[in-house]
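Encoded as structure tokens, the structure appears first; notes follow it.
In the text below, chain A, chain B and the rest are named by the order of the sequence lines, each starting its count at 1. Being a predicted model, the structure only gives us computed values, none of them experimental.
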There are 2 protein chains.
Amino acid sequence: MATIREISEKANVSIATVSKVLNGKGSVNEKTRQTVLQVARQLNYRPNLNARNLKSGQSRTIGIITEDLTVFNAPEIVDGIAAACDEAGYHYILGNLRFYKRYGNGQKDLKESNALVHAAVNGMLSKQVDGIIYIGCHSHIVVSLSEHTEPKFVCAYCISKDENIPSVIYNDEKAAYDLTEILLNYGDRRIGMITGPLDSSHTANRTRGHQRALFDHGVPYDPCLTFVGDWERDSGYALAEKLIAAGVTAIFAHNDLMAVGVLDYCNEKRINVGRDLRLIGFDDREVASVCRPRLSTAAPPLFEIGQAAAREMLSILAGNKASEQNIMLDCSIIERESTLGSKP
Amino acid sequence: MATIREISEKANVSIATVSKVLNGKGSVNEKTRQTVLQVARQLNYRPNLNARNLKSGQSRTIGIITEDLTVFNAPEIVDGIAAACDEAGYHYILGNLRFYKRYGNGQKDLKESNALVHAAVNGMLSKQVDGIIYIGCHSHIVVSLSEHTEPKFVCAYCISKDENIPSVIYNDEKAAYDLTEILLNYGDRRIGMITGPLDSSHTANRTRGHQRALFDHGVPYDPCLTFVGDWERDSGYALAEKLIAAGVTAIFAHNDLMAVGVLDYCNEKRINVGRDLRLIGFDDREVASVCRPRLSTAAPPLFEIGQAAAREMLSILAGNKASEQNIMLDCSIIERESTLGSKP
DNA sequence: ATATGAAAGTTAAACGTTTTCCTAACTCTG
DNA sequence: CAGAGTTAGGAAAACGTTTAACTTTCATAT
């Protein structure tokens, strides 16, 4: 690999001059500038970032830690971060904890997972990152991050328990509100809801949004039309029966998978979803546009979450204060045949 | 950030000694070793990799370039690479070209995309990576990589046009053979096939595997039972009609999406897939386990491809010769209700 | 003619490591 | 006790940059 010194020799100038040309700093004669540039190109010169970063003491790099690149919507978020970094001339490095592959969903060993996060953070600090963005949903892990006070942290897709770490999340409640409003605008008054487990903050937020929409439209909330699911398809199937028996004209399921379960039930019972029953899910996973009728749902702004997290980080690194509030982005509301009726 | 020098001062030894302790090289008295270690821990010391890599001239890092992290099965492959790297104590950095987001599937501007790849490669070389793994499916781009001869290259998920670049791919033909054999073992003799477009190597390979299986089982191949699709659901739907009219008892679609199209047709016509007609797809995308009946299909070994690519790279970096042949991994054959009949 | 200052370059130190070579002290061996 | 070998540790150079401080040159203003 060609170095700055080789260029300086070939071009008959000092290495300082070469450095100036390459960085566009200081004043150098246009002719020498051209010569240097030409020699550099000819030698196929590429700066050694290790040397540059070492000397200048800054890497213009942010670290991204994902709990698991292959679950959740991590790739989209990483993509958003990457886009924002590219735009700003920053670099990024990825650390993939491979959490779920390692432990399954059970997270059997908290100690071990903490160690994993610590190791990843330390590794990134060794690489002199300016800040770290954490993508995941386990705030108990995130908390352990804050012990390391040196670099800047930002959480994406989760709320950090630590007040000092800004978080970028999506607005569950508003999306649930908007989805419910779709149903209300169609005239539905008896709307069933299948929630996620009660210990999930998503469940709480989505329920709140739903109730608020009902309230704003003067429709009383009937607790008998709400059942608690477990995010899985089967629970959607099972609860669909109860809700339909209760005479609902629409169902809002807290995720697409449970909505598909409802769909299964309706298909079996020859209930025409979209006409006789309106159905709404949440998440916009692939299944939502693959099932028939396709599901109306809310798509979390994953790319934008990544982008916003990166921008927040860059802003902090530029010396600005971190946002006081968590940054909350809106979901896209996607209406499909499950509320529209069959394809036009 | 604490440095080696600070440790040396606190511990009253030279920096050389500290370095030796930290790297476990040279001989140092057990007592001083402990002191140094303790001071290091106390100062929360983390080695500066920029300095280390600069001095030692090697980074133990490989670069990963993905055409687009959010399409294809890139995340799984990256995951496999990451796992192999972790295992070997190597680092990796990710470069996401965001190809499809930028250009859509059309790749309107080859010049520009080449520039993109070059920039990514140059960036990685600046970071002193020892080698680069390219994940994607556009060999024309990969070819442009080989102009850069300095680092080692490995292709994952695609075959490089350049003979010198080893590639890790999955065995399309064998998977198609095995899938067809499932049908043959059920006694199917009139098997319809819906292929991908004719200019795809997948189409050629899968067709070959299919024909070979028929041949080995003494079943003549009937060209009238093969139709060319376009990977999309609608083509599966349309061609299902023709094949069923032709009296097939089973259909092998070259991907899951077209198979789901077949399923749509069958559901509409009340043909019981799994009992009256056996159906097989390819790819094991999410849809395959979401549709009803669930699809029998072949799952490309994505994680393993990443892992193998990384291992090949590490082997090359260790001084071994690159594999003569492309490395070909088998798909997992997954049998579900679309060939098994309804759920037990 | 002299002073001022900008322009164009250079010198050399520094960033935090690793590593080669060196020295001193000790322990064997015969 | 001399020589050899081992152990423990240190001094200093080097990796490829950036950058502060400096020098030289030359145009311009007084």
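- Regarding A:N50, its CG atom lies at a distance of 15 Å from the C1' atom of D:dA14, rounded to whole Å.
- Protein atom CZ of A:R5 is 14 Å distant from nucleotide atom C1' of D:dT18, rounded to whole Å.
- When atom types are taken as modelled, the side chain of A:D130 and the backbone of A:R60 share a donor-acceptor pair closer than 3.5 angstrom.
- Within 4.0 Å (heavy atoms only), A:S14 reaches at least one base atom of the nucleic acid.
- Across all strands, B:S27 comes closer than 4.0 Å to base atoms (heavy-atom distances).
- Contact check on B:D68 versus B:R102 returns no salt bridge, with no Lys/Arg side-chain nitrogen under 4.0 Å from an Asp/Glu carboxylate oxygen.
- When each of A:N12 and B:L54 is assigned the nucleotide of DNA chain C bearing its nearest heavy atom, the one mapping closer to the 5' terminus is A:N12.
- With rounding to whole Å, A:L22 atom CG is found 12 Å from D:dG16 atom C1'.
- Residue contacts shown for B:N23 are limited to sugar-phosphate atoms, with no base heavy atom under 4.0 Å away.
- A donor-acceptor pair under 3.5 Å is formed between the side chain of B:N23 and the backbone N or O of B:S19.
- Between the CG atom of B:L125 and the P atom of D:dG16 there is a distance of 15 Å, given to the nearest Å.
- Using a 4.0 Å cut-off between a side-chain N of Lys or Arg and a carboxylate O of Asp or Glu, A:E87 and A:R311 qualify as a salt bridge.
- Listed nucleotides D:dG16, C:dG16, C:dG9 differ in distance to B:N48; the shortest reach to its side chain belongs to C:dG16.
- In this structure, B:R33 places its CZ atom 12 Å from P of D:dG9, rounding to the nearest Å.
- In terms of position along DNA chain C, the nucleotide closest to A:E30 lies nearer the 5' end than the nucleotide closest to the other residue of the pair A:A16 and A:E30.
- Between B:Q58 atom CD and C:dT19 atom C1' the separation is 13 Å, expressed in whole Å.
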message: Would B:V121 and B:L125 count as a side chain to side chain contact (heavy atoms under 4.5 Å, CB included) here? Give the steps.
response: CA-CA 6 Å; B:V121 170; B:L125 291 175; 3.9 Å; yes

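- If you find the closest nucleotide of DNA chain D to B:V28 and to B:K55, the one lying nearer the 5' end belongs to B:V28.
- If you measure from atom CE of A:M1 to atom P of D:dC15, you get 15 Å, rounded to the nearest angstrom.
- For D:dT17, neither phosphate oxygen OP1 nor OP2 lies less than 4.0 angstrom from any side-chain nitrogen or oxygen of A:S56.
- Heavy atoms of A:K20 sit under 4.0 angstrom from at least one base atom.
- The interatomic distance linking B:R52 (CZ) with C:dC15 (C1') rounds to 16 Å, in whole Å.
- Over its length, the helix from C:dA1-D:dT30 to C:dG30-D:dC1 turns its helix axis by 40°, as judged from the five terminal pairs at each end, rounded to 10°.
- Considering only side-chain atoms of B:I15, the nucleotide from D:dA21, C:dT18, D:dG10 that sits closest is C:dT18.
- In terms of heavy-atom proximity, B:Y92 sits nearest to B:C85 at CD2-CB, 3.9 Å.
- A side-chain donor-acceptor contact under 3.5 Å links A:N48 to the backbone of A:N50.
- Between C:dA8, C:dT17, D:dG10, one nucleotide has an atom nearer to the side chain of B:T17 than all others, and that is D:dG10.
- Between the B:S167 side chain and the B:S160 main chain, a donor and an acceptor come within less than 3.5 Å of each other.
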